[in-house]
Amino acid sequence: MEMKSRQVNHARNIWDRAITILPRVNQFWYKYTYMEEMLGNIAGCRQVFERWMEWEPEEQAWHSYINFELRYKEVDKARSIYENFVMVHPEVKNWIKYANFEDKHGYIARGRKVFERGVEFFGEEHISENLYVAFARFEEKQKEFERVRVIYKYALDRIPKQQAQELFKNYTVFEKRFGDRRGIEDVIVSKRRFQYEEEVKANPHNYDAWFDYLRLVESDADAETVREVYERAIANTPPIQEKRHWRRYIYLWINYALYEELEVKDPEKTRQVYQACLDLMPHKKFTFAKIWLLYGRFEIRQKNLQNARRGLGTAIGKCPKNKLFKGYIELELQLREFDRCRKLYEKYLEFSPENCTTWIKFAELEAILGDTDRARAIFELAIGQPRLDMPEVLWKSYIDFEIEQEEYDNTRGLYKRLLQRTQHVKVWVSYSQFELSIDTDERLQRCRQVYEEANKGLQSCEEKEERLMLLESWRDFEEEFGTFTNQERVRKLLPEKVKKRRKITAEDGSDAGWEEYYDYIFPEDAANQPNLKLLAMAKMWKKQQQVEEEEEEEEEEEEEEEQNVPPHAEEPQEISEAEEQDPADSRQNEIDDRDDEDESSSSSSESEDETEQTKTDADRD
């Protein structure tokens with residue numbers, strides 16, 4: 001009302017009272033400053049804005065003040081307002097607006113300074129990708145591409161991956177527009193490196209993530225950076241001293257040593273890596289033969305044989321293992337140090353006397369060197385051990401050794417000694433094949449004699465299949481080399497294959513029914529069981545009776561068809577006969593018939609196991 005009446009001072013007094021009593025109502029301030037500006041009282045309007053800014057109002061009020069100064073070309077005053085604004089409202093977007101203000105008015109250096117101050121102001125705790133993106137775009141606009149690249153890399157090294165998606169995207173676009181192939185690869189590598197850093201920070205004992213990270217830095221970074229990552233990786237030792245937790249970890253050390261040797265070509269540093277790894281492992285609980293052998297081979301490549309032997313000797317002394325002995329022996333064999341190999345084999349056999357492979361390898365070494373007496377003595381010691389893991393392999397190797405030396409008498413002696421320990425059919429067959437392979441006049445007779453002894457020895461064997469295998473092998477031999485008489489003799493020894501039934505008992509002891517199986521009846525077994533013949537004849541008689549009954553029934557049916565008698569004509573006669581019979585007698589007859597059937601079925605089930613064989617004997621009789 002006062003303004004419509006052109007009472008300006010009265011209106012000013014009312015506005016002053018309003019903003020004094022209600023300073024948080026922004027509408028009063030907006031109307032007051034608008035009135036002063038419309039009246040052309042620029043100084044008064046600026047004074048009202050200053051009073052308003054003391055109350056630290058919302059962002060729009062500051063923007064209104066800045067726009068007011070810019071309308072009157074007061075850039076310096078607007079800059080001072082921005083300085084206060086970014087302190088009152090310290091947000092990233094306000095710093096970006098401040099820098100864009102300087103850029104818009106051509107103050108490039110001041111704009112860059114604002115961005116730098118913003119980065120320093122927020123630090124690493126409250127870092128934001130938007131500030132770096134805006135800073136990079138500002139420098140890109142000024143054609144400062146190296147600065148842009150440095151800004152992106154600096155930001156990527158400090159911002160967590162989940163908060164830097166936009167940053168990666170802008171960096172990739174920048175490199176595609178202004179960078180070369182190397183720059184684009186750097187972007188991709190930086191992104192992957194950032195991902196791996198996040199993974200290993202989340203779980204330092206995730207050794208697979210370390211392997212991927214190391215493979216990445218090895219392909220792109222310098223030696224010092226790779227060493228730094230390796231040192232960080234190997235510092236994460238497994239928390240538990242159990243071998244299964246160390247299996248992946250130990251490969252970090254192996255890859256580190258190989259990198260130093262092959263890529264950096266620093267043998268002294270490689271030796272230090274190996275030594276540090278060997279000192280770290282708890283050898284009293286477990287060890288890794290691989291790392292010891294790699295260290296020994298490394299020293300040999302450096303032509304330092306003494307250190308290699310010292311290291312492997314220490315390994316055998318601290319934590320003897322099969323793999324360590326084998327690797328050390330193989331190394332000495334390649335160096336043609338046979339005396340050292342003998343000593344190592346002796347130590348190996350002291351450590352593991354039941355290992356048949358070691359005995360065989362030791363004897364083979366002596367045989368290669370031409371010392372057959374030592375080889376034979378080693379085999380004798382081996383077969384005399386109370387405990388062996390693969391005795392059959394050891395005996396076979398000893399026998400093959402004697403055959404190779406053409407010591408056939410010794411071979412026969414070995415077979416006889418072996419047969420004293422075991423009557424296995426494969427030993428007998430091998431013995432017979434050996435006698436057959438010797439080119440002498442008596443070979444067939446000796447082979448046949450072996451088969452006869454084997455047959456006698458296996459007669460008491462419970463495993464009938466083994467004896468059958470022997471007789472089949474004997475039969476094949478006679479068919480190829482024997483006479484008709486010998487062939488018939490062996491055929492008579494072959495068993496008959498009989499199908500039998502036996503009860504099945506469940507795990508809880510209950511009856512689970514019957515199952516069929518095949519059994520072998522040898523001639524001497526049939527002779528020892530005379531009742532088999534009687535049971536077979538009984539079964540034949542029963543079958544013959546069944547056949548005769550079937551024939552009689554067929555004849556009766558044919559007679560009935562010839563007479564063409566209607567079925568209803570005979571029904572009364574049958575009924576009358578049934579009526580004439582006493583009911584008690586018919587009941588008793590039914591019980592007697594059922595008992596007869598039960599007895600016949602039980603007798604047939606008991607004799608069914610043996611009747612198949614005696615059937616053949618009855619036919620012969």
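All heavy atoms count here, side chains included; hydrogens, waters and symmetry mates do not.
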What I'd like to find out is whether the side chain of [X] reaches to under 4.5 Å of the side chain of [Y], using heavy atoms alone.
| X | Y | value |
| --- | --- | --- |
| L369 | R342 | yes |
| R247 | K243 | yes |
| Y72 | E37 | yes |
| E59 | F85 | yes |

Pick from F288, F286, W253: which one makes a ring-ring contact (aromatic ring centres under 6.0 Å, His included) with W246?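 Exactly one candidate clears the test, F286.
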Applying the ring-ring contact (aromatic ring centres under 6.0 Å, His included) test to W52, which of Y65, F28, W15, W29 qualifies?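 Exactly one candidate clears the test, W29.
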Angle class for the Y345/F362 ring planes (parallel below 30°, perpendicular above 60°, tilted otherwise)?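 Because their plane-to-plane angle is under 30°, the rings of Y345 and F362 count as parallel.
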Just say parallel, tilted or perpendicular for the rings of H205 and Y207, cut-offs at 30° and 60°.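 Taking Y207 first and then H205, their aromatic rings stand perpendicular (interplane angle over 60°).
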Which atoms form the tightest heavy-atom contact between A382 and L388, and what is the distance?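 A382 and L388 have their closest heavy atoms at O-CD1, 3.6 Å.
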Give me the atom names and distance for the closest heavy-atom approach of L70 to A78.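 Closest approach of L70 to A78, heavy atoms only: CD2-CB, 3.9 Å.
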Could you please spell out the steps behind the side chain to side chain donor-acceptor pair (under 3.5 Å) verdict for Y32 and D16? CA-CA 9 Å; Y32 193 4; D16 282 334; 3.0 Å; yes
Walk me through whether E102 and K113 qualify under salt bridge (Lys or Arg N to Asp or Glu O under 4.0 Å). CA-CA 10 Å; E102 298 288 1; K113 187 68 175 176; over 6 Å; no
Which distance, rounded to the nearest 0.5 Å, do you find between the NZ of K31 and the CD1 of I14?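 These two atoms lie 14.5 Å from each other.
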Exercise: do [X] and [Y] side chains pair donor with acceptor under 3.5 Å:
| X | Y | result |
| --- | --- | --- |
| Y274 | E299 | no |
| Y98 | E83 | yes |
| Y348 | N322 | yes |
| E260 | Y230 | no |
| Q275 | Y295 | yes |

Using the side chain to side chain donor-acceptor pair (under 3.5 Å) rule, take E199 and Y213 through it: C-alpha gap first, then chi angles, then the decisive distance, then the call. CA-CA 10 Å; E199 289 184 21; Y213 189 13; over 6 Å; no
In sequence, state the C-alpha distance, the side-chain angles, and the governing distance for F49 and F68, and then conclude on ring pair (Phe, Tyr, Trp, His ring centres under 6.0 Å). CA-CA 9 Å; F49 269 119; F68 164 76; 5.4 Å; yes
Apply salt bridge (Lys or Arg N to Asp or Glu O under 4.0 Å) to residues R301 and E261 and explain how you reach the verdict. CA-CA 10 Å; R301 285 194 294 272; E261 181 184 1; 2.8 Å; yes
Does D103 form a salt bridge (Lys or Arg N to Asp or Glu O under 4.0 Å) with K141? I'd like the steps, not just the answer. CA-CA 10 Å; D103 180 28; K141 186 178 178 181; 3.3 Å; yes
Against the six-membered ring of Y107, is R79 placed for a cation-pi contact (under 6.0 Å from the centre, within 45° of the normal)?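 The answer is yes; both the distance and angle limits are met.
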